[in-house]
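In what follows, chains are A, B, ... by sequence order, proteins preceding strands, each numbered from 1.
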Amino acid sequence: MQVEKEVKTVLKKEKVSSEKKEKNSEREKIIVLKGVKKVYRMGTERICAVDDVSFEIYKGEFCCLLGTSGSGKSTLLNLMAGIEKVSSGQIIMKGKNIHHMNENRLAKFRQKYLGFVFQSYNLLNSMTALENVEFPLVFKRVPNKKRRRMALEMLKKVGLEDRIKHKPKEMSGGQQQRVGIARAFVANPEIVFADEPTGNLDSKTSKEVMELIQGMARVNKQTIVMVTHDNKLAEYADRVIRVFDGKIISIEENDHSQKKEESDVNDEIAQVNKETSNEETSNDINNNDINNKDTNKEEFTEEVINLKKAEG
Amino acid sequence: MKFNDLVKMGLRNLFRRKARTALTVIGMVIGTISIVIMFSIGYGMRDSFIEQVMENGSMTVITVSTWGYTIDEDGNYIDTGEQKLDSDLVESIKKIDHVKSVGGMLQKNLQLTCGKYNSGMMVYAMDSSTFESFGFPGLTQGEYPTADHKDIIVFGSQARNSEFYNWGSSRGSNSKTIDWDRDTISFTFSDYTVNENKKAFTQVIKNYAVMEESENYMFNYYAWMDLDYFKELYTKYANTLKLEDRKKAIASLNKFDQIQVNVDNMENVTAVQDAIKELGYSSSSDMQYIEPMLQTSKMLQVVLGAIGGVAMVVSAINIANTMIMSIYERTKEIGIMKVLGCMLKDIRKLFLFEAALIGLLGGAIGIMLSYLLSWLINKYGAPLFESLLNTSYMYGETTGGFSRIYFWMPFVAMGFAMVVGIVSGYLPANRATKISAIEAMRTEG
């Protein structure tokens with residue numbers, strides 16, 4: 001049943017995307033994947049996380065890799081960022097074959113062209129917001145004063161000019177992610193990778209964060225590659241690449257004026273995905289349970305203290 | 001990454017874990033102290049040996065005596081024999097490598113007279129141009145003989161202090177302290193019986209010089225003269241003697257009583273002695289006696305150094321452990337750094353810098369404490385060390401101490417501490433570069 005539905009949606013998608021194809025061919029391809037495969041070895045078993053994937057990402061577009069957990073979308077992002085090595089196939093970024101690069105050239109490449117936004121922010125807890133934003137510039141050997149100025153400007157842009165001396169632990173999730181975004185954009189990279197940037201945020205802050213990323217990228221015509229499992233977030237993207245079981249099942253253009261038709265299709269896929277994503281949501285619930293337990297504990301200890309006070 | 005950023009980050013990381021950094025530094029401090037103190041004791045003891053022997057003469061001087069005795073390799077006496085010491089021998093010794101100067105010496109007794117009072121003194125005669133190379137001490141009065149003015153007697157610092165006695169006095173012998181500036185003092189030789197037929201030889205002391213106090217007894221209790229001047233006087237004396245005595249006296253001037261050889265360096269003394277032995281002459285030097293002592297002290301230094309080294313190795317392991325812990329703790333940080341474009345060599349440098357800094361800091365503090373400890377040992381450690389070591393060596397009161405920190409020791413120790421830090425930080429640092437960024441970012445922390 002599931003397969004049938006998938007095939008249907010794919011057919012529908014192809015209609016939409018074929019119209020756009022001509023337009024795309026004129027644009028500069030900034031990332032090209034050709035037959036990319038990633039195989040993990042778990043003991044004797046071999047797991048194909050990314051299975052023969054080919055697609056292009058164009059300069060200046062906001063591209064979204066949409067898929068459930070375990071679909072291989074994060075692996076795909078890591079492969080593109082050069083954090084993981086491909087098992088076979090090619091990834092060409094800015095005309096360079098990144099899996100042929102050694103660690104040093106890769107590091108230089110990242111300094112020059114790449115920015116990263118993470119789900120868990122990945123800020124350094126020992127550093128202030130300002131120092132965190134400055135951090136990529138340290139590796140780029142930007143002079144002290146200049147990089148301080150750049151970082152300050154960036155923090156102003158994300159609306160955190162009054163928080164520059166705060167450590168990550170002293171800030172809310174949304175604020176931390178905004179620091180993360182400032183860090184990703186501070187060196188003005190051509191490509192920014194975002195891995196579930198709103199995964200740990202509530203819907204309101206998610207929206208703010210997404211708009212921030214989108215706005216920033218538009219100003220400097222930067223390419224955004226975002227990974228998410230959230231259909232709503234995918235709406236911010238110009239193009240959505242759906243990933244399932246390590247394969248691309250569809251590539252669709254989000255013409256922001258034609259939202260309705262797309263969202264219908266999206267809903268259908270969402271339904272398909274629901275079953276598979278159950279696992280994920282149940283995980284979330286578990287996490288919530290743990291959190292609840294913690295708060296319960298606190299309440300409990302408070303009660304005990306109160307009781308003791310009463311006795312005393 | 002620029003160097004000052006590296007320093008800033010390294011310091012921040014060390015400061016973040018104050019307790020652990022402090023403990024590792026303390027480990028290094030102990031390592032440094034033990035090495036520096038052990039070496040300082042080793043060197044202090046060696047110096048004491050040398051100083052003691054210095055009191056009996058210069059370390060670089062070899063003496064060839066008329067009555068030479070042979071000793072075996074262990075320093076035991078075997079035989080005594082008369083050796084003929086003449087100017088030919090002086091010339092052939094001069095040709096040996098590392099010999100700085102050679103002086104043939106005559107040795108006679110002087111009889112000093114001041115009115116009715118008499119005293120005796122030993123006089124050495126040697127070519128005055130070689131005085132300087134044998135390390136003659138400075139003078140408190142007068143000047144050394146020169147080529148133009150050879151008629152000078154140089155007295156050792158204590159030589160003039162001996163009492164003058166009147167042996168012929170009816171009330172037994174009575175003594176008189178001489179005022180050298182006022183009294184007229186003359187001398188003669190007393191090697192042969194006086195010839196009644198001739199006027200006895202006597203020479204009034206006019207020009208004389210006095211040496212400064214020296215560590216070498218040779219310069220304290222005897223008088224010194226230029227060889228030519230001495231020969232001139234002694235020939236005059238010989239001419240007043242009976243014929244057969246005169247012959248003997250003149251002949252005695254052609255043979256040296258001893259030859260002193262000055263070697264350029266302490267370490268070459270043994271080699272030069274061997275060369276003299278090949279010429280067929282036995283010789284003696286203070287080096288001969290001190291060499292077994294030095295060997296013992298060298299061995300002691302090695303043992304003490306090894307004890308210190310163990311402490312150093314322990315602190316090196318300590319640093320490595322700290323760095324490995326630090327890497328586990330900062331796995332995520334390293335991952336983030338990698339993703340943000342930090343070069344591998346920068347990550348390695350960062351960890352090496354932290355390890356080196358721990359070493360350097362520990363080394364610096366350790367050296368400061370070593371100076372304090374060394375001072376305490378010298379002040380209060382005397383009874384302990386004397387009871388431990390008095391079996392074979394006497395510690396004089398004039399020794400410089402049991403623990404002596406040479407000026408180069410702090411630098412060597414600090415450099416060594418830093419190298420230990422870097423070496424023990426190298427493996428952990430390499431390990432840090434191998435952390436996979438993706439794994440690192442998944443870890444919490």
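- Annotation for A/Lys85: atom NZ counts as buried by contact number, over 12 foreign heavy atoms lying within 6.0 Å.
- The interface of residues 168-175 of chain A with chain B, defined by heavy-atom distances below 4.5 Å, is empty.
- The part of B/Asp5 that comes within reach of chain A is its side chain, from C-beta onward, which places non-hydrogen atoms under 4.5 angstrom from that chain.
- One finds the OG atom of A/Ser120 at 4.5 Å from the NZ atom of B/Lys332 (value rounded to the nearest 0.5 Å).
- In the displayed structure, A/Lys37 atom NZ is contacted under 6.0 Å by at most 12 heavy atoms of other residues, nucleotides or ligands.
- Residues of residues 304-325 of chain B lying under 4.5 angstrom from chain A, judged on non-hydrogen atoms, do not exist.
- Residue A/Phe193: no heavy atom, backbone or side chain, is found under 4.5 Å from chain B.
- Counting heavy-atom pairs closer than 4.5 Å to chain A, the top-ranked of the candidates B/Gly335, B/Ser436, B/Gly341 is B/Gly341.
- For residues 132-150 of chain A, a heavy-atom distance under 4.5 Å to chain B picks out A/Phe135, A/Pro136, A/Val138, A/Phe139, A/Arg141, A/Val142, A/Pro143, A/Asn144, A/Arg147, given by residue number.
- Across all non-hydrogen atoms, the minimal contact from B/Met343 to A/Ala107 is SD-CB, 3.8 Å.
- Between B/Glu333 atom CD and A/Leu123 atom CG the span is 12.0 Å, to the nearest 0.5 Å.
- Note that NZ of B/Lys345 and CG of A/Asn104 are 6.0 Å apart. Values are rounded to the nearest 0.5 Å.
- With a 6.0 Å radius and a threshold of 12 heavy atoms from other residues, nucleotides or ligands, B/Tyr406 has its OH atom above the threshold.
- Counting heavy-atom pairs under 4.5 Å between each of B/Lys2, B/Met337, B/Arg330 and chain A puts B/Lys2 at the top.
- When side chains are defined from C-beta on, B/Thr433 does not count as touching A/Glu103, because their heavy atoms never get closer than 4.5 Å.
- For residues 8-35 of chain B, the interface with chain A (any heavy-atom pair closer than 4.5 Å) comprises B/Lys8, B/Met9, B/Arg12, B/Arg16, sorted by residue number.
- Counted within 6.0 Å of OH on B/Tyr371, heavy atoms from surrounding residues, nucleotides or ligands total more than 12; the atom is thus considered enclosed.
- Heavy atoms closer than 4.5 Å to chain A are found in the side chain of B/Ile336, but not in its backbone.
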